[in-house]
Amino acid sequence: MKSDCMQTTIYQERKKDPIEMFHSGQLVKVCAPMVRYSKLAFRTLVRKYSCDLCYTPMIVAADFVKSIKARDSEFTTNQGDCPLIVQFAANDARLLSDAARIVCPYANGIDINCGCPQRWAMAEGYGACLINKPELVRDMVKQVRNQVETPGFSVSIKIRIHDDLKRTVDLCRKAEATGVSWITVHGRTAEERHQPVHYDSIKIIKENMSIPVIANGDIRSLKEAENVWQITGTDGVMVARGLLANPAMFAGYEETPLKCIWDWVDIALELGTPYMCFHQHLMYMMEKITSRQEKRVFNALSSTSAIIDYLTDHYGI
């Protein structure tokens with residue numbers, strides 16, 4: 001676990017309380033947890049373009065607790081990286097609470113992944129299988145609440161929905177009664193991938209909750225975010241792929257502006273982003289603004305200097 005030379009005491013005074021944001025009556029714009037992608041450099045970029053709240057990629061709590069190497073590779077932050085939620089994959093209350101205690105000086109809260117539909121996660125007892133284990137979710141939330149006494153530290157969950165929505169509402173009510181700070185709802189079942197998002201289901205869940213609810217699923221522009229916020233009555237919207245394609249989306253840009261691309265280059269180089277990640281983000285960002293031939297050339301580049309030369313030659317600095 002790395003913190004860019006900032007003292008722990010600074011982190012303990014995390015500004016911009018997410019709960020206050022959710023009660024502001026304004027749309028709270030959230031960057032989703034994305035494996036490999038929602039790391040410090042990308043979070044820094046989207047915060048420059050009106051993103052209010054960021055999540056880390058999903059981190060396996062057991063590995064995080066047991067391995068210093070895992071902590072150093074999976075979690076990096078700095079003073080400007082707030083408000084920040086660390087998302088964990090967990091199926092053991094004690095390990096999750098241990099992980100939460102490690103990150104609590106550096107983050108505003110933790111989130112339990114109850115929505116990942118990937119087979120490996122489900123096989124390990126993580127992710128979307130937890131929506132069928134409300135007692136385990138309750139135990140994990142309670143254990144974190146008991147072990148982390150930092151005022152204002154949030155414990156949230158991110159879920160998918162059941163075919164029978166009554167089961168999802170029941171899960172959410174139990175989570176609320178246990179002390180969950182807010183719930184993010186991806187409006188698909190664990191089996192659905194590219195089917196339309198059930199925003200009507202998110203609306204029903206929100207109507208049955210007193211705590212904040214975040215809507216998630218297939219949001220690709222600020223206009224769509226505002227529309228989903230209105231039709232679901234939720235307190236915020238969470239975006240994943242839409243932000244990968246256009247990190248300036250929340251600031252109202254329809255496609256990635258060139259300034260955002262150069263901001264990414266500056267941030268990534270300053271923070272030492274590995275080449276593969278640096279290049280991959282640019283491929284996503286430039287998808288809509290490059291021709292097929294340009295993509296072939298750009299995607300084949302193999303060094304940071306080659307990328308900078310390409311961008312300079314084609315777009316100027």
Side-chain angles (χ1 to χ4, degrees), residues 1-16 18 30-49 51-90 95-113 116 126 144 148 150 153-156 158 238-240 243-244 247 260-285 304 307:
M1 186 173 68
K2 300 174 184 176
S3 56
D4 286 357
C5 302
M6 305 309 301
Q7 295 179 353
T8 299
T9 51
I10 295 176
Y11 288 112
Q12 288 173 334
E13 299 173 0
R14 303 299 292 193
K15 298 176 182 178
K16 304 175 187 173
V30 186
C31 175
M34 291 178 277
V35 172
R36 296 187 300 279
Y37 295 123
S38 61
K39 294 197 170 186
L40 175 61
F42 188 70
R43 298 194 302 266
T44 303
L45 180 66
V46 295
R47 290 186 197 280
K48 286 176 68 76
Y49 290 91
C51 184
D52 299 312
L53 175 64
C54 291
Y55 281 55
T56 69
M58 180 183 74
I59 300 168
V60 177
D63 296 340
F64 191 78
V65 169
K66 295 173 183 176
S67 166
I68 294 175
K69 183 178 180 181
R71 291 198 288 276
D72 284 345
S73 65
E74 295 295 331
F75 182 54
T76 304
T77 188
N78 62 21
Q79 185 181 18
D81 187 28
C82 68
L84 177 66
I85 304 301
V86 182
Q87 189 188 68
F88 286 111
L95 284 173
L96 177 64
S97 65
D98 287 346
R101 282 197 297 172
I102 293 170
V103 301
C104 73
Y106 309 98
N108 294 82
I110 62 126
D111 183 82
I112 306 170
N113 187 316
C116 179
Y126 304 139
V144 174
V148 180
T150 305
F153 191 80
S154 65
V155 183
S156 56
K158 184 175 186 288
M238 175 182 283
V239 178
L243 280 174
L244 280 181
C260 181
I261 291 172
W262 284 112
D263 283 340
W264 168 247
V265 171
D266 290 341
I267 291 166
L269 295 181
E270 180 182 352
L271 294 177
T273 301
Y275 172 77
M276 289 291 289
C277 180
F278 173 62
H279 191 197
Q280 189 72 52
H281 273 293
L282 285 168
M283 285 191 275
Y284 279 120
M285 289 180 209
T304 299
I307 287 176

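- The closest side-chain heavy-atom distance from Arg101 to Val148 is below 4.5 Å.
- The closest side-chain heavy-atom distance from Lys39 to Thr76 is not below 4.5 Å.
- Side-chain contact check for Gln87 versus Ile110: every heavy-atom pair is 4.5 Å or farther apart.
- Judged as a side chain to side chain donor-acceptor pair (under 3.5 Å), not a single pair has a partner in residues 56-67 (not counting sequence neighbours).
- Atom CZ in Phe88 sits 10.5 Å away from atom CD1 in Ile112 (nearest 0.5 Å).
- Side-chain contact between Met238 and Pro33 is present, with at least one heavy-atom pair separated by less than 4.5 Å.
- For the atom pair CG (Leu244) and CE (Met283), the distance works out to 12.0 Å, reported to the nearest 0.5 Å.
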- Message: Using the rule given for side chain to side chain contact (heavy atoms under 4.5 Å, CB included), can you reason through Tyr49 versus Asp263, listing the C-alpha separation, both sets of side-chain angles and the distance that settles it, and then say yes or no?
- Response: CA-CA 10 Å; Tyr49 290 91; Asp263 283 340; 2.6 Å; yes
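- Between Asn113 and Cys116, the closest heavy-atom pair is OD1-N, 2.8 Å.
- Atom CD1 of Ile85 sits about 5.0 Å away from atom CG of Leu53, to the nearest 0.5 Å.
- Considering only heavy atoms from C-beta on, Val103 stays 4.5 Å or farther from Ile59 through its side chain.
- Checking side-chain atoms of Arg47 against main-chain N and O of Cys82 turns up a donor-acceptor pair under 3.5 Å.
- Contact detail for Phe42 and Cys31: the closest heavy-atom pair is CE2-SG, 4.1 Å.
- In this structure, Ser38 contributes its side chain and Tyr55 its backbone to a donor-acceptor pair below 3.5 Å.
- Under 4.0 Å is where a charged nitrogen must lie from a carboxylate oxygen, and between Asp111 and Lys158 no such pair does.
- Put simply, CE on Met58 and CZ on Arg36 are 10.5 Å apart, with the number rounded to the nearest 0.5 Å.
- The aromatic rings of Trp264 and Phe278 sit parallel to each other, their planes meeting at less than 30°, with 60° as the upper class boundary.
- Nearest approach of Leu269 to Thr304, heavy atoms of both residues: CD2-CG2, 3.6 Å.
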- Query: Would Ile307 and Tyr275 count as a side chain to side chain contact (heavy atoms under 4.5 Å, CB included) if you check the C-alpha gap in whole Å, the side-chain angles of each, and the deciding distance to 0.1 Å?
  - Reply: CA-CA 10 Å; Ile307 287 176; Tyr275 172 77; 3.5 Å; yes
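- The two atoms that bring Val65 and Leu95 nearest to each other are CG2-O, 3.5 Å, heavy atoms only.
- Listed here is the closest heavy atom pair of Ala61 and Leu96: CB-CA, 4.3 Å.
- Residues Asp52 and Val30 have side chains not in contact (no heavy-atom distance under 4.5 Å, counting atoms from C-beta outward).
- Between Asp98 and Phe64 there is no side-chain heavy-atom pair separated by less than 4.5 Å.
- Distance check: Ile267 CD1 to Leu45 CG gives 4.5 Å after rounding to the nearest 0.5 Å.
- Using a 4.5 Å heavy-atom cutoff, the side chains of Leu84 and Tyr106 are not in contact.
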